[in-house]
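Below is one structure, written out as structure tokens; the observations come after it.
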2 protein chains.
Amino acid sequence: MNLAPHPFTLRQLQYVVAVADSLSFRKAAERCHVSQPSLSAQIAQLEGVLEVQLFERDQRRVLLTAVGAQLVERARRLLVDVEALTEAARRAGDPLSGTLRLGVIPTVSPYLLPAVTPALRRHFPRLTVRWLEDKTEVLTRELERGGLDAALVALEADLGDVESAVLAEDPFFLVTPKDHPLGQKKGAASPSELRGQDVLLLDEGHCFREQALALCSKARAHELEFRATSLPTLTQMIASGAGVTLLPALAVATEVKRSELRVRPFADPAPKRTLALIWRKRSPFTGALREVAGAMKDAWPRK
Amino acid sequence: MNLAPHPFTLRQLQYVVAVADSLSFRKAAERCHVSQPSLSAQIAQLEGVLEVQLFERDQRRVLLTAVGAQLVERARRLLVDVEALTEAARRAGDPLSGTLRLGVIPTVSPYLLPAVTPALRRHFPRLTVRWLEDKTEVLTRELERGGLDAALVALEADLGDVESAVLAEDPFFLVTPKDHPLGQKKGAASPSELRGQDVLLLDEGHCFREQALALCSKARAHELEFRATSLPTLTQMIASGAGVTLLPALAVATEVKRSELRVRPFADPAPKRTLALIWRKRSPFTGALREVAGAMKDAWPRK
DNA sequence: GAGGTTCATAGCCCCAGGCTATCGACTCCA
DNA sequence: TGGAGTCGATAGCCTGGGGCTATGAACCTC
């Protein structure tokens with residue numbers, strides 16, 4: 001890309017087009033809302049820098065030269081493009097229109113999006129959301145890089161210096177096979193029950209794994225060697241007797257439809273994660289994102 | 001076409017592109033050869049008029065917003081177009097390149113172009129000539145309108161206020177069937193020989209017809225009722241005994257190859273036409289056209 | 001030849017956009 | 001922990017480009 005300052009002005013092009021249209025400097029000046037000398041000067045200057053005579057003129061008439069005609073055509077198209085650019089930018093200026101690039105973690109995405117997507121469409125009809133599902137670390141990196149405008153993550157993870165709006169508390173549940181000793185117990189569960197148990201957790205990198213793992217190691221539970229790649233497979237494996245696990249409330253309704261599983265809440269203070277929308281401080285979308293977060297909160301799936 | 005002054009500058013677009021490339025105001029300013037505050041100000045101003053934040057910036061980093069990225073893409077293409085326009089105009093600025101729109105009358109065109117066209121191509125390799133063949137009246141009108149840059153006509157016709165460069169004198173010849181009384185005479189012809197003769201002339205509107213007609217009516221010749229639409233058909237008709245006619249020297253070599261015709265020059269002062277290149281006074285091509293005329297003169301077919 | 005065109009020229013004025021200097025925030029390193 | 005270095009933003013000044021009015025020169029019309 002050439003860096004040298006451009007030798008002419010958009011306004012000069014406008015003047016040229018106006019003169020070509022009316023074949024009169026006077027009329028063209030009038031239509032451009034400038035004085036005729038100003039317009040003359042600009043045309044002359046353009047002809048000067050291009051070293052081309054665009055119009056052939058004497059006291060009574062103005063004619064387009066062949067070069068002039070060619071340049072006018074190009075100028076016309078160019079001005080239309082400029083117009084389009086302006087318009088596009090202006091319309092995109094409304095932050096609740098255009099495209100918002102949102103990240104979301106995999107332990108939230110499948111349970112939340114079915115409820116939230118239509119709500120957003122309803123609230124912000126001019127807004128298009130592009131979702132990126134990935135683990136927190138990737139999301140925060142993309143956010144930092146500017147590849148994302150915001151992300152939906154758990155505040156308990158390591159997020160760096162961001163602004164956030166809390167969407168919901170998401171308490172954890174103890175999930176066991178129905179015939180498992182822990183599944184037999186009545187009432188709320190306590191973390192201490194996990195002591196010595198075989199616990200199945202998610203793969204590395206999931207923030208939910210980190211939280212669950214913290215709980216388990218405090219309770220001296222025993223993590224199984226193999227790990228699940230997603231909550232559906234995790235649930236599946238528990239159902240087939242692999243051990244016990246934790247599930248966030250958000251996932252419970254969807255995952256635990258089969259009667260072989262027993263789901264018990266934890267006694268207060270229940271372990272939980274805090275789901276929030278986060279974005280860069282100084283993001284130009286701060287205002288819009290607060291609104292979006294509000295809409296998400298309202299649309300949050302109630303258990 | 002919108003007449004309102006454009007809200008931004010090509011330079012501002014350049015700045016935006018430069019910042020987007022380097023993701024640094026400082027470096028962008030350097031590459032644009034301006035101070036960083038000047039560049040900052042221009043960017044801020046552009047963001048102001050568009051009511052859009054293009055870059056997200058703090059003290060250590062600069063990020064493109066989604067809107068910004070979109071605008072930068074458009075701006076890039078636009079700047080390329082501007083570059084192309086400049087280049088096209090500059091190259092067209094060399095009057096001996098690009099396209100020259102030339103008119104030529106029908107009684108010249110078929111005899112001259114075969115010789116002149118290659119010569120022009122040789123002399124001015126960057127020049128493309130677009131020929132328009134028509135009668136003088138049409139050509140002068142087009143010249144006046146600006147549809148033609150120059151025309152090759154006979155100066156004896158009514159041409160209006162133009163500048164010209166004479167290319168050649170084109171004397172007239174008396175053409176008769178070989179067995180015609182006038183074809184039997186020896187030596188140069190005299191207009192007075194035409195008295196009472198049946199003369200065949202071209203159709204209305206040809207300047208050559210007007211000249212020949214003037215000669216004939218002065219000599220009290222008798223014009224035949226039917227008229228030829230071109231010099232080839234005219235010659236053809238004379239050969240088949242329709243009467244006598246005049247031909248300009250330029251046409252003689254081509255048209256009179258058959259032995260049934262006798263061609264006699266006129267005694268001094270021989271009637272003639274003066275062929276010249278004409279163009280509008282104040283034409284931007286005046287210089288180039290003189291050169292073109294020179295080349296045409298040199299390439300003129302010698303009898 | 002007077003009056004009304006047209007575009008060009010002259011001369012004035014003002015602000016847009018340039019500059020330097022500096023601030024304020026942050027990073028990095030000793 | 002403090003000092004040096006980097007970043008973009010701000011402040012304040014200066015200049016020239018592009019605006020204006022008034023006028024000139026050439027041409028048309030009546």
Side-chain angles (χ1 to χ4, degrees), chain A residues 3-16 18-49 53-65 68 144 146 160-162 280-284, chain B residues 3-16 18-49 53-65 68 144 146 160-162 280-284:
Chain A
L3 310 154
H6 274 296
F8 57 82
T9 310
L10 288 176
R11 170 153 316 193
Q12 287 171 344
L13 294 188
Q14 269 185 313
Y15 288 175
V16 169
V19 173
D21 281 343
S22 58
L23 288 183
S24 154
F25 278 50
R26 182 161 292 280
K27 282 178 201 151
E30 199 172 322
R31 298 185 58 206
C32 291
H33 308 293
V34 289
S35 70
Q36 168 263 314
S38 303
L39 182 137
S40 282
Q42 288 304 309
I43 300 272
Q45 185 169 330
L46 180 57
E47 288 180 328
V49 299
Q53 190 170 343
L54 301 173
F55 300 102
E56 209 180 310
R57 44 207 189 268
D58 57 26
Q59 281 68 17
R60 60 201 152 137
R61 45 215 295 285
V62 172
L63 287 180
L64 255 178
T65 61
E144 171 78 353
D161 191 22
V162 294
R280 291 178 299 275
K281 290 179 171 177
R282 298 184 193 75
S283 163
Chain B
L3 309 155
H6 273 297
F8 57 81
T9 310
L10 288 177
R11 170 151 317 192
Q12 287 171 344
L13 294 188
Q14 270 184 312
Y15 289 174
V16 168
V19 172
D21 281 343
S22 56
L23 288 182
S24 155
F25 278 50
R26 190 161 288 279
K27 280 179 202 148
E30 197 172 324
R31 299 185 57 206
C32 291
H33 308 292
V34 290
S35 69
Q36 168 262 314
S38 303
L39 182 136
S40 283
Q42 289 304 310
I43 300 272
Q45 184 169 329
L46 180 57
E47 289 179 327
V49 299
Q53 190 169 342
L54 302 173
F55 301 102
E56 208 180 310
R57 43 208 188 268
D58 58 24
Q59 281 69 17
R60 61 204 149 134
R61 44 216 296 283
V62 172
L63 288 180
L64 256 177
T65 61
E144 170 78 353
D161 190 23
V162 294
R280 291 178 300 275
K281 290 180 172 177
R282 299 184 193 75
S283 163

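Chain A is the first sequence line, chain B the second, and so forth, proteins listed ahead of strands; every chain is numbered from 1. Because the structure is predicted, anything quoted here is derived from the model rather than measured.
- One interatomic measurement links the two molecules: CD of A/E56 to C1' of C/dC7, which rounds to 14 Å at whole-angstrom precision.
- Nucleic acid contact for A/R26: base, since at least one base atom lies under 4.0 Å from a heavy atom of the residue.
- In this structure, B/I43 atom CD1 and D/dG8 atom P are separated by 11 Å, rounded to whole Å.
- The side chain of A/Q42 approaches D/dG18 more closely than any other nucleotide in the set D/dG18, C/dA8, C/dC19.
- B/R61 comes within 4.0 angstrom of nothing in the nucleic acid, heavy atoms only.
- In this structure, the CZ atom of A/F55 is 15 Å from the C1' atom of C/dT6, given to the nearest Å.
- Nearest nucleotide to the A/F25 side chain, out of D/dA11, C/dC7, D/dG8: C/dC7.
- Backbone-only contact: A/Y15 has heavy atoms under 4.0 Å from sugar-phosphate atoms and none from a base.
- Distance check, rounded to the nearest 0.5 Å: CD1 of A/I43 to CG of A/L13 gives 9.5 Å.
- Contact detail for B/L10 and A/F8: the closest heavy-atom pair is CD1-O, 3.7 Å.
- Spacing between atom CZ of B/R11 and atom C1' of D/dG17 amounts to 12 Å, rounded to whole angstrom units.
- Summarising the geometry, the separation between CD on A/Q53 and C1' on C/dC7 is reported as 13 Å, rounded to the nearest angstrom.
- The distance from atom CG of B/L63 to atom C1' of D/dC7 is 14 Å, rounded to the nearest whole Å.
- Look at A/S38 and you won't find any side-chain N or O under 4.0 angstrom from OP1 or OP2 of D/dG18.
- B/T9 places no side-chain N or O within 3.5 Å of a backbone atom of B/Q12 that could act as its donor or acceptor partner.
- The side chain of B/V34 lies closest to C/dG18, out of D/dG19, C/dG18, D/dG8.
- Taking atom CG of B/L39 as the reference point, atom P of D/dT10 lies 14 Å away to the nearest angstrom.
- Looking at A/L46 and A/Y15, their side chains never come closer than 4.5 Å, going by heavy atoms from C-beta outward.
- Scanning atom types as modelled, no donor and acceptor separated by under 3.5 angstrom connect the side chain of B/Q45 and the base of C/dA16.
- Distance alone, capped at 3.5 Å, places no donor-acceptor pair between the A/Q36 side chain and the A/R26 backbone.
- Of the candidates C/dG18, D/dC20, C/dG17, D/dC20 carries the atom nearest the A/S35 side chain, counting heavy atoms from C-beta on.
- The distance from atom CD of A/Q14 to atom C1' of D/dG18 is 15 Å, rounded to the nearest whole Å.
- Across all strands, A/S40 comes closer than 4.0 Å only to sugar-phosphate atoms, never to a base (heavy-atom distances).
- Looking at heavy-atom distances under 4.0 Å, A/Q36 makes contact with a base.
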